[in-house]
Amino acid sequence: MEARRRDLRIPFPEDFENRLTGRRVQRLWRRAKYIMADLDGGETLVIHLGMSGRIAVYTKGNGRGLGAFHYETAGGEIGRGKHDHVVFDTDAPARIVFTDHRRFGLMTIVETAVLESHKLFKDLGAEPLSRQFDAEYLKGALRNKKTPIKSALLDQHVIAGMGNIYVCEALWRSRISPKRQAARVKAVQIDVLAPAIKQVLREAVRAGGSSLRDHRQTNGELGYFQKVFAAYDREGQPCMRRGCHGRIKRIVQSGRSTFYCPTCQVY
DNA sequence: AGGTCAACCTGAGCGC
DNA sequence: TGCGCTCAGGTTGACC
């Protein structure tokens with residue numbers, strides 16, 4: 001592997017390449033917005049894509065079954081772009097490229113046994129798609145939170161893995177105003193919100209994510225969830241809820257865009 | 001202690 | 001064509 005640029009959010013240590021070269025990935029998994037690759041030898045490669053990061057898999061020669069685009073046909077030399085920061089060549093054979101023009105992403109190596117207590121992970125909230133996450137969990141997590149519900153759901157310590165798009169969509173589906181103070185969202189609304197969160201995420205994953213600008217799946221294909229946005233990025237357009245004649249409004253909360261329908265998101 | 005906001009960095013898109 | 005401005009899928013740390 002090769003680290004072509006080492007100053008991502010957490011600068012790479014001197015021995016970064018040495019610790020990764022020749023290692024075998026034993027398990028690939030996810031926690032919050034972090035991608036985890038457990039390696040033989042008891043270490044885990046932790047990856048975050050930030051806002052603009054991308055991982056693409058290019059098959060080489062007879063690479064099979066990866067659903068990836070071909071190394072030879074992708075045009076130009078793969079992994080030599082201005083923002084191609086880390087390049088892995090695997091036995092597959094395949095080339096895996098981490099690209100991030102904004103460098104908000106990160107890669108770091110953590111001892112697998114102490115992952116849970118690492119500062120990046122120790123205070124994370126529940127996984128929204130886990131059984132642990134339900135309305136009761138959410139009620140507890142929002143109790144005493146004075147921040148608006150929109151900001152609370154983006155807080156990774158409350159619930160791990162929700163981004164701006166999916167928070168907006170889940171609130172729209174639940175008819176909850178993004179401006180409502182988190183602790184003041186009624187219990188019956190949280191009973192609606194918790195399953196709506198799971199539903200939005202499941203649908204988005206199935207659609208391959210949301211390609212607003214440059215999001216790509218690892219095989220280079222676009223995500224399609226943006227085609228079914230009801231609120232996000234629809235400022236000024238009619239609300240899609242049956243019987244609602246409102247228009248989607250854009251406001252800024254905690255420095256982030258919120259899209260919602262002021263006519264029907266009233267709880 | 002909890003909440004808010006600027007900063008990190010680059011590129012795209014827009015109006016002029 | 002180019003300049004200047006605004007905005008972007010996220011997180012952190014400094015400050016109130």
Side-chain angles (χ1 to χ4, degrees), chain A residues 4-12 30-35 46-56 81-86 98-108 110 118-125 128 140-172 178-185 197 200-201 203-205 207-218 221-236 248-259:
Chain A
R4 305 182 62 241
R5 175 146 198 176
R6 342 181 51 94
D7 53 338
L8 304 188
R9 213 171 83 214
I10 301 177
F12 294 151
R30 178 193 63 76
R31 172 76 173 111
K33 295 174 187 169
Y34 296 89
I35 299 164
V46 175
I47 304 166
H48 195 296
L49 298 177
M51 287 167 77
S52 53
R54 173 190 307 180
I55 286 177
K82 187 176 172 192
H83 304 293
D84 294 337
H85 304 315
V86 183
F98 175 85
T99 305
D100 184 10
H101 68 83
R102 285 176 85 184
R103 307 211 313 279
F104 279 17
L106 73 83
M107 268 195 202
T108 190
V110 178
H118 190 277
K119 69 168 183 168
L120 286 175
F121 310 111
K122 65 180 165 65
D123 294 321
L124 286 175
L142 296 176
R143 194 166 296 147
N144 303 327
K145 284 241 165 271
K146 296 200 174 144
T147 194
I149 182 68
K150 160 72 188 323
S151 304
L153 294 178
L154 272 181
D155 182 345
Q156 303 298 298
H157 305 310
V158 170
I159 168 175
M162 292 290 283
N164 202 28
I165 291 173
Y166 305 117
V167 167
C168 290
E169 294 301 308
L171 288 174
W172 181 85
K179 297 196 275 191
R180 176 84 56 212
Q181 193 176 304
R184 298 212 151 146
V185 178
I197 286 170
V200 164
L201 290 177
E203 289 176 23
V205 168
S210 309
S211 294
L212 288 184
R213 288 166 186 76
D214 49 15
H215 165 78
R216 287 283 194 288
Q217 303 187 58
T218 52
E221 297 198 358
L222 298 172
Y224 291 96
F225 191 68
Q226 70 280 5
K227 299 203 182 288
V228 297
F229 285 170
Y232 192 86
D233 211 21
R234 294 193 66 243
E235 182 178 17
I248 300 298
K249 187 174 173 188
R250 174 184 180 270
I251 59 174
V252 175
Q253 295 179 287
S254 308
R256 311 293 307 280
S257 286
T258 298
F259 297 88

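Here is how names work: the chains are called A, B, and so on, in the same order as the sequence lines, proteins then strands, and each is numbered from 1. Values below: all heavy atoms of this structure, side chains included; hydrogens, waters and symmetry mates excluded.
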Worksheet item: If you take all heavy atoms of Ile248(A) and Ala231(A), which pair is closest and at what distance?
Response: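 Scanning both residues, the minimum pair turns out to be CG2-O, 3.6 Å.
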
Worksheet item: Using purine N1 to pyrimidine N3 plus N6-O4 or O6-N4 for Watson-Crick, or N1-O2 and O6-N3 for G-U wobble, both under 3.5 Å, which nucleotide pairs with dC14(B)?
Response: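 Its partner is dG4(C) (Watson-Crick or G-U wobble, both distances under 3.5 Å).
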
Worksheet item: Watson-Crick or G-U wobble partner for dC9(B), using a 3.5 Å limit on both distances?
Response: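 Looking at the geometry, dC9(B) pairs with no nucleotide.
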
Once you apply a heavy-atom cut-off of 4.0 Å, does [X] come out as touching a base, just sugar-phosphate, or nothing?
X         : result
Tyr232(A) : sugar-phosphate
Arg216(A) : nothing
Asp100(A) : nothing

Item to complete: Could I get the full list of side chain to side chain contact (heavy atoms under 4.5 Å, CB included) partners for Arg184(A), not counting sequence neighbours?
Response: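 Residues passing side chain to side chain contact (heavy atoms under 4.5 Å, CB included) with Arg184(A): Arg180(A), Gln181(A).
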
For [X] and [N], what is the distance between atoms [atom1] and [atom2] respectively, to the nearest whole Å?
X         : N       : atom1 : atom2 : result
Lys33(A)  : dT11(C) : NZ    : C1'   : 9 Å
Leu120(A) : dG13(C) : CG    : P     : 10 Å
Ile10(A)  : dG10(C) : CD1   : P     : 17 Å
Arg9(A)   : dG13(C) : CZ    : C1'   : 12 Å
His85(A)  : dC8(B)  : NE2   : P     : 17 Å
Phe104(A) : dA8(C)  : CZ    : C1'   : 9 Å
Arg256(A) : dT11(C) : CZ    : P     : 8 Å
Glu235(A) : dT6(C)  : CD    : P     : 16 Å

Discussion item. Assess the residue pair Val158(A) and Gln156(A) against the criterion (side-chain contact (heavy atoms from CB on, under 4.5 Å)); give the C-alpha distance rounded to whole Å, side-chain angles, the decisive distance to 0.1 Å, and a yes or no.
Written reply: CA-CA 5 Å; Val158(A) 170; Gln156(A) 303 298 298; over 6 Å; no

Worksheet entry | Parallel, tilted or perpendicular, as decided by the 30° and 60° cut-offs, for the rings of Tyr166(A) and Phe225(A) |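 Tilted, since the angle between the ring planes falls between 30° and 60°.
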
Discussion item. Classify the ring geometry of His85(A) against His83(A): parallel below 30°, tilted from 30° to 60°, perpendicular beyond 60°.
Written reply: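 Plane angle over 60°, so perpendicular.
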
Item to complete: Just do the side-chain contact (heavy atoms from CB on, under 4.5 Å) check on Leu49(A) and Lys33(A) with the steps written out, would you?
Response: CA-CA 8 Å; Leu49(A) 298 177; Lys33(A) 295 174 187 169; over 6 Å; no

Worksheet item: Heavy-atom contacts under 4.0 Å between residues 156-166 of chain A and DNA chain B, which residues?
Response: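 The stretch gives none, as no residue of it lies under 4.0 Å from the strand.
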
Worksheet entry | From CA spacing to verdict: side-chain contact (heavy atoms from CB on, under 4.5 Å), Leu201(A), Met162(A) | CA-CA 8 Å; Leu201(A) 290 177; Met162(A) 292 290 283; 3.7 Å; yes

Practice prompt. Scan nucleotides 2-7 of chain B nucleotide by nucleotide, 5' to 3', and note B when protein non-hydrogen atoms come under 4.0 Å of the base, S if they reach only the sugar-phosphate, - if neither.
Written response: -SS---

Close side-chain approach of [X] to [Y], heavy-atom, < 4.5 Å:
X         : Y         : answer
Asp233(A) : Gln226(A) : no
Leu171(A) : Leu153(A) : yes
Val46(A)  : His118(A) : no
Ser52(A)  : Arg103(A) : no
Leu120(A) : His48(A)  : no

Worksheet item: dC3(C) and dC9(B): how far apart are their P atoms, nearest whole angstrom?
Response: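 Their P atoms lie roughly 23 Å apart.
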
Worksheet entry | Whole-angstrom distance between dA6(B) and dT6(C), as gauged at atom P |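 The answer is 13 Å between these two P atoms.
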
Output side-chain donor-acceptor pairs under 3.5 Å for residues 140-148 of chain A, partner residues at least two apart or in another chain, one line each.
none

Practice prompt. Would you check if the distance from the ring center of Phe229(A) to the ring center of Phe259(A) is below 6.0 Å?
Written response: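 No: the rings miss the under 6.0 Å criterion.
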
Fill in: Nucleic acid contacts of residues 46-54 of chain A, taken as heavy-atom distances under 4.0 Å to DNA chain C
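When residues 46-54 of chain A is checked for heavy atoms under 4.0 Å from DNA chain C, the hits, listed by number, are His48(A), Gly50(A), Met51(A).
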
Grab the N/O contacts between the protein and nucleotides 10-14 of chain B below 3.5 Å, and write none if there aren't any.
{"residue": "dT10(B)", "atom": "OP1", "partner": "Arg103(A)", "partner atom": "NH1", "Å": "3.1"}
{"residue": "dT10(B)", "atom": "O4'", "partner": "His101(A)", "partner atom": "O", "Å": "3.4"}
{"residue": "dT10(B)", "atom": "O3'", "partner": "His83(A)", "partner atom": "NE2", "Å": "3.3"}
{"residue": "dG11(B)", "atom": "OP1", "partner": "Lys82(A)", "partner atom": "NZ", "Å": "3.2"}
{"residue": "dG11(B)", "atom": "OP1", "partner": "His83(A)", "partner atom": "NE2", "Å": "2.7"}

Worksheet item: So, Asp7(A) and Arg5(A), do they make that salt bridge, N to O below 4.0 Å?
Response: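 Between Arg5(A) and Asp7(A) there is a salt bridge, with a charged N closer than 4.0 Å to a carboxylate O.
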
